[in-house]
There are 2 protein chains.
Amino acid sequence: MGNVAGAADAGALSLLRRKLASLGFHGEYELRCLQDGVAPRRSVLPGKDIVGAGDGPAHVTVLLTGVACLYQTLESGERQIYAFYYAGDFCDLHAYVAPERDLAVGALTDCTLGCIPYKDLDQAIKRHPELAIAWWRVAMLEARGIRERLLNVSRRSALERVAHLLCEQLHRRKAIGIDSQVIPLTQIELADAVGLSAVHVNRIVQELRNLGALSRKCRAIEVANPQLLQELAGFDAKYLTAPEMLAQWEVKTSSE
Amino acid sequence: MGNVAGAADAGALSLLRRKLASLGFHGEYELRCLQDGVAPRRSVLPGKDIVGAGDGPAHVTVLLTGVACLYQTLESGERQIYAFYYAGDFCDLHAYVAPERDLAVGALTDCTLGCIPYKDLDQAIKRHPELAIAWWRVAMLEARGIRERLLNVSRRSALERVAHLLCEQLHRRKAIGIDSQVIPLTQIELADAVGLSAVHVNRIVQELRNLGALSRKCRAIEVANPQLLQELAGFDAKYLTAPEMLAQWEVKTSSE
DNA sequence: CGCATCATTGAAGCCCTTCAAGACTTGTGG
DNA sequence: CCACAAGTCTTGAAGGGCTTCAATGATGCG
């Protein structure tokens, strides 16, 4: 709720600019029309929803700090996690073009959010149609991430699944400048993302600790040997879903 | 290879027009610039690739008739099917904005294809930026479909998975006017989509036949009792991923 | 007719789930 | 500062769903 002004907003804007640049959108001046939109801030505590199921917010939410996830709770009470969001990611861009029932975004750690009202987005797109291509690209990347999650659940053993998910998180965190070896997910959250029972994830985590891939120092998930973890996961960095590696992209319509 | 002219092209154009209208794009005249692009036709036999892994085609492919699938083959030789395509679906729109390694589109039945060269697409988008929002929407729907596939694999029993997949196919076929109760998928293809072994899918199919949900008349998958199948699957029509139900959408930028 | 692909069946066994209970951690209020 | 509650982590035992292997029967195609 607490609105912060000044320097913090500059940080948010530069985050947004980097993000859009990585998506192939290079309008320097044009970003200004979104700048004001990001100002309204919000904080959300772990376990609380950033976007509730069935919400029809009139703005797009940008994650500024923290970790969040896209998820759905089933009738049975189970929860399926579809994607993880980090600083710079858009949480509910999908709702702008295609409202989704039953889909929610939850905070996994303390989260800070920026909001871009739909009307600002409308105007920005109208003035700079290349933006729509950038959003299109965001959607494709989201699909790619979910495909990776499906592959994980469908074709890999429990140990590979967990190890692979941890490798992904490690890479995405590094890509935005977080070097900590600690991954702030509970075993329950891990289980909800890899489609295993929490009990079995626990056994896998212990196995990973025995193998030396994870640290035994603390209760949290701390990676002790990233190299080993990658080998156990069969993780291939080329499968990275993060848009950071795509900085060379150009928006087509502006070139021809 | 055989190019067909005249009446058949009119069918393809009307297919494309319906598709775009369902995505919220209503430019009557504007579609003409895509019309010429669809003319070049191609036929692909079952089991062959429409778009190979690593291909960088200079055009977007529209499926005009038949059934195709988006898939990936792993190092182990296994195949994961991510999505099914029917008449009117775009097979490789993703490659236009975000080239994908290892991803291929294969024909499951005899397929007829139309091609839209990238340069036509470039021009169309430049002239009518709302088109980019329509493509964006396509990408979101693709993501939604893959999420549904993930949910299927992650949280449901083998019988529910198979039944649910069959329900989806039935609905999508009906949405484009195919009323046949026969679903032209082999048990192996089913297995590759639901993440089960072919052997076990076979046992499930037999169980569904014993329960009366599937027909025993032929070797192919023929639905005998759609209602029962839906109950067994816990299938809820509201989860439909097909864009046909979204005809009420409007492209935002043109309204304000 | 022979070959390739798909469907079917059986047996053995492992991976993972479920249930149940206890230990540890954290935060909250008295 | 302690007690308590809530949530997470941990451990064991029992069982079932699915896989793998292997072999045989059907179907269709050149």
Side-chain angles (χ1 to χ4, degrees), chain A residues 45-48 74 76-81 106-110 152-163 165-166 182-210 214-222 232, chain B residues 45-48 69 74 76-81 106-110 152-166 182-210 214-222 232:
Chain A
L45 293 174
K48 300 296 180 187
L74 314 183
S76 60
E78 296 172 299
R79 176 176 66 163
Q80 177 65 48
I81 292 181
L108 299 177
T109 67
D110 281 305
N152 211 26
V153 170
S154 180
R155 301 287 156 174
R156 291 197 258 260
S157 71
L159 191 135
E160 289 170 315
R161 281 190 227 183
V162 173
L165 186 68
L166 295 180
V182 175
I183 295 173
L185 301 177
T186 69
Q187 295 181 9
I188 295 175
E189 285 152 1
L190 274 173
D192 288 342
V194 298
L196 293 169
S197 69
V199 172
H200 200 242
V201 164
N202 176 265
R203 291 191 236 267
I204 297 296
V205 165
Q206 289 174 60
E207 192 175 343
L208 286 171
R209 292 210 247 251
N210 287 336
L214 297 185
S215 158
R216 205 189 297 277
K217 285 197 306 235
C218 56
R219 250 157 80 98
I221 307 288
E222 181 182 14
L232 292 170
Chain B
L45 293 174
K48 300 294 180 186
C69 73
L74 315 183
S76 60
E78 295 173 299
R79 176 176 66 164
Q80 176 65 48
I81 291 180
L108 298 176
T109 69
D110 281 305
N152 211 25
V153 170
S154 180
R155 300 288 156 172
R156 292 196 257 259
S157 71
L159 191 135
E160 289 171 315
R161 281 191 227 182
V162 173
H164 209 278
L165 186 68
L166 294 180
V182 176
I183 295 174
L185 300 178
T186 68
Q187 295 181 9
I188 295 174
E189 284 153 1
L190 240 53
D192 288 342
V194 298
L196 292 169
S197 70
V199 171
H200 200 242
V201 165
N202 176 266
R203 290 191 237 267
I204 297 295
V205 165
Q206 290 174 60
E207 192 175 344
L208 287 171
R209 291 209 247 252
N210 287 337
L214 296 185
S215 158
R216 205 189 297 276
K217 284 196 306 237
C218 55
R219 251 155 77 98
I221 307 288
E222 182 181 12
L232 291 170

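Below, chains carry the letters A, B, ... as their sequence lines are ordered, and counting in each starts from 1. The figures here come from the full heavy-atom set of this structure, side chains too, leaving out hydrogens, waters and symmetry mates. What you see is a predicted model, and the numbers here were worked out from it, not measured in a lab.
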Would you indicate whether the side-chain heavy atoms of [Y] and [X] approach each other to under 4.5 Å?
X: A/L108; Y: A/P184; result: no
X: A/R161; Y: A/V153; result: yes
X: A/L166; Y: A/L214; result: yes
X: A/E160; Y: A/N152; result: no

List the residues meeting salt bridge (Lys or Arg N to Asp or Glu O under 4.0 Å) with B/E207, not counting sequence neighbours, and say none if there are none.
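Checked B/E207 against salt bridge (Lys or Arg N to Asp or Glu O under 4.0 Å); zero matches.
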Nearest-0.5 Å distance that lies between atom CZ in B/R216 and atom CG in B/N210:
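It comes to 5.0 Å.
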To the nearest 0.5 Å, what is the distance between CZ (A/R156) and CG (A/L165)?
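Nearest 0.5 Å value for the CZ-CG distance: 10.0 Å.
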If you fit an axis to the five pairs at each end of the helix from C/dC1-D/dG30 to C/dG30-D/dC1, how big is the angle between those two axes, to 10 degrees?
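Computed angle between terminal axes is 40°.
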First and last nucleotide of DNA chain D in contact with chain B, 5' to 3', at under 4.0 Å to a heavy atom: what are they?
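Contacts span D/dC18 to D/dT27, reading 5' to 3'.
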Within residues 194-209 of chain A, find the residues that approach DNA chain D with a heavy atom at under 4.0 Å, and present them sorted by residue number.
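Within residues 194-209 of chain A, the residues near DNA chain D are A/V199, A/N202, A/R203, A/Q206, A/R209.
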Identify every side-chain donor-acceptor pair in residues 187-197 of chain B under 3.5 Å, counting partners at least two apart or on other chains, and give the distances.
{"from": "B/Q187", "atom 1": "OE1", "to": "B/N202", "atom 2": "ND2", "distance (Å)": "2.9"}
{"from": "B/E189", "atom 1": "OE1", "to": "B/T186", "atom 2": "N", "distance (Å)": "2.9"}
{"from": "B/E189", "atom 1": "OE1", "to": "B/T186", "atom 2": "OG1", "distance (Å)": "3.4"}
{"from": "B/D192", "atom 1": "OD2", "to": "B/R79", "atom 2": "NE", "distance (Å)": "2.9"}
{"from": "B/D192", "atom 1": "OD2", "to": "B/R79", "atom 2": "NH2", "distance (Å)": "3.1"}
{"from": "B/S197", "atom 1": "OG", "to": "B/H200", "atom 2": "N", "distance (Å)": "3.2"}

Before giving the answer on side chain to side chain contact (heavy atoms under 4.5 Å, CB included), spell out for A/V182 and A/I221 the whole-Å C-alpha distance, their side-chain angles and the decisive distance to 0.1 Å.
CA-CA 6 Å; A/V182 175; A/I221 307 288; over 6 Å; no
For B/S154 and A/Q80, which heavy atoms make the closest approach, and how far apart are they?
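Closest approach of B/S154 to A/Q80, heavy atoms only: OG-OE1, 2.6 Å.
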So which atom in B/E222 and which in B/C218 form the shortest heavy-atom distance, rounded to 0.1 Å?
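Smallest interatomic distance, heavy atoms only, reads OE1-SG, 3.5 Å.
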Reading DNA chain C from 5' to 3', where do the contacts with chain A start and stop? Cut-off is 4.0 Å to heavy atoms.
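The protein-touched segment is C/dC16 to C/dT25.
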